K.L.:
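First the structure, then my questions, so here it is.
Computed from a prediction, not measured in an experiment: that's the story for all the values here.
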Amino acid sequence: MPARGPAVPFAVGATHRSSAAGLRDRMFIDAGAAPALYERLAAEGIQQALVLSTCDRVEIQGVSETPDAAIEIVSRILAARSGEDVSAIVGQLESFVGEAAVRRIFAVAASLESQVIGEPQVLGQVKESHRLARQSRMVGSELESLLQAAYAAAKRVRSETDIAQRSVTLASGAVQLGRDMHGDLSECVALIVGLGDTGDLIGGQMRLAGLSRIILTGQSRRTEGEARRLGYHFAPFGDLDAALAEADIVITAAGTGRYLITAEAMERALKSRRRKPVLVIDGGVPGDVDPAVDRLDDAFVYTLDDLERVAQEGRANREAAAAAAWQIVEDEVVAWRQSRAEREAVPTVVALRRHFETVRDEVLAADPTAGPEEATRRLINRLLHRPSEALRLLAAAGGNAADAEAVHRIIVRMFELGEADPAAAHGDDDEEPSA
């Protein structure tokens with residue numbers, strides 16, 4: 001049986017940047033469907049993976065001895081869930097292998113890949129996915145180590161930078177705008193359209209600020225279940241006009257690529273409200289609200305950029321925080337690489353020690369009466385015989401000079417040889433290693 005190769009990280013899936021919301025909705029994997037999916041992955045030869053399925057991404061992260069094959073398998077499975085052939089959706093999938101996958105996994109956990117950078121929910125979602133993967137026996141030592149390193153990176157980002165404040169200030173800015181327009185929020189109703197992270201974030205902050213009623217609607221088949229889970233009221237998307245007429249604050253988070261809130265629909269709602277003003281927060285990427293809505297009297301539209309201007313001091317501070325956060329991720333990727341290299345070296349060191357001890361026992365058994373000096377000389381010759389032959393063959397092959405130089409540097413470094421003495425290389429034949 002051939003020796004097993006190292007387990008290489010991989011990640012593949014559809015995100016808010018790469019794919020349409022409708023495709024992600026068809027791919028969505030809830031907790032109830034996860035065990036069957038894990039069984040499918042295991043049957044296809046993927047033994048370590050977790051499924052991360054949120055409003056803004058459906059992604060499978062894992063490790064595999066054949067990562068390229070794993071990406072093909074996952075892509076095919078996700079395509080099947082969407083009802084499409086893999087060739088039709090491959091352009092909407094993002095895939096990463098090796099260190100690029102490590103960087104992706106760390107950045108997702110640190111919320112640097114979220115639609116709203118710094119939003120706090122994603123780390124909890126990763127940990128919940130981790131728990132479900134463990135229950136399905138899909139987390140081995142390699143994936144466990146990788147995820148623990150991702151959590152450490154996320155913790156550093158949140159504790160050492162101000163990146164987490166971006167999400168807090170976005171939501172706080174929305175609350176402040178709501179209060180400026182309506183005063184006491186306890187008498188207000190909010191309508192959230194879509195299942196994006198922006199809606200979760202701002203809706204949660206509005207609830208903490210005392211908002212009395214939140215309605216959730218959207219075109220996703222998951223909307224009603226999410227409304228129950230969050231404790232919101234549910235409105236079918238076909239009843240959007242009635243929900244708009246009731247809402248004092250409208251928050252969109254769908255990003256479907258087409259306008260869900262049209263000027264005509266908002267005009268009808270304003271008439272039903274007797275021109276009572278409406279705050280509209282367009283959190284979709286791309287936007288969910290027709291720009292013409294902002295030209296209506298009594299409708300006031302704010303985008304995510306507008307909220308940032310309301311809530312934060314300046315763009316330079318945000319960019320500095322993001323740069324610092326990404327640098328932490330890069331540092332943690334390097335630390336992971338070094339830690340992995342150290343772990344992978346352990347079996348080699350153990351095998352080398354076992355080999356040395358075996359050679360020592362053979363030398364002593366061959367001549368039990370040999371004195372210390374003779375036994376030591378024989379031991380050195382035996383230990384150096386195969387390495388010397390390998391070096392000779394490498395030099396005689398006359399092939400890749402870079403390989404020979406690399407081997408030379410490794411040996412010098414391992415044994416702290418310093419500059420080799422050319423004369424020593426042509427010592428007496430009696431001193432050359434022998435069998």
K.L.:
Look at atom CD of E187 and say whether more than 12 heavy atoms of other residues, nucleotides or ligands are closer to it than 6.0 Å.
P.N.:
no

K.L.:
I'd like to know if R17 pairs up with E59 as an ion pair, taking the criterion as any Lys NZ or Arg NE/NH1/NH2 lying under 4.0 Å from an Asp or Glu carboxylate oxygen.
P.N.:
no

K.L.:
I'd like to know if the side chain of T66 reaches the main chain of A69, judged simply by a donor and an acceptor atom lying under 3.5 Å from each other, with no hydrogens or angles considered.
P.N.:
no

K.L.:
Ignoring hydrogens and angles, tell me if any N or O in the side chain of D294 forms a donor-acceptor pair with the backbone of V301 under 3.5 Å.
P.N.:
yes

K.L.:
Can you list everything that forms a salt bridge (Lys or Arg N to Asp or Glu O under 4.0 Å) with R134? Sequence neighbours excluded, please.
P.N.:
E144

K.L.:
On the ring face of F234, is R228 found with NZ or CZ under 6.0 Å from the centre and within 45° of the axis?
P.N.:
no

K.L.:
Flag the pair R273 and E246 as a salt bridge only when some basic side-chain nitrogen lies within less than 4.0 angstrom of an acidic carboxylate oxygen.
P.N.:
no

K.L.:
More than 12 non-hydrogen atoms from neighbouring residues, nucleotides or ligands closer than 6.0 Å to CZ on R137, yes or no?
P.N.:
no

K.L.:
Looking only at atom types and distance, does a side-chain atom of S95 sit under 3.5 Å from a main-chain N or O of V12, one as donor and one as acceptor?
P.N.:
no

K.L.:
Could you list all the side chain to side chain donor-acceptor pair (under 3.5 Å) pairs where at least one residue sits in residues 67-82, not counting sequence neighbours?
P.N.:
E44-R76

K.L.:
How long is the straight-line distance from CZ of R103 back to CD of E332, given to the nearest 0.5 Å?
P.N.:
12.5 Å

K.L.:
Is any side-chain heavy atom of T303 closer than 4.5 Å to one of V289?
P.N.:
no

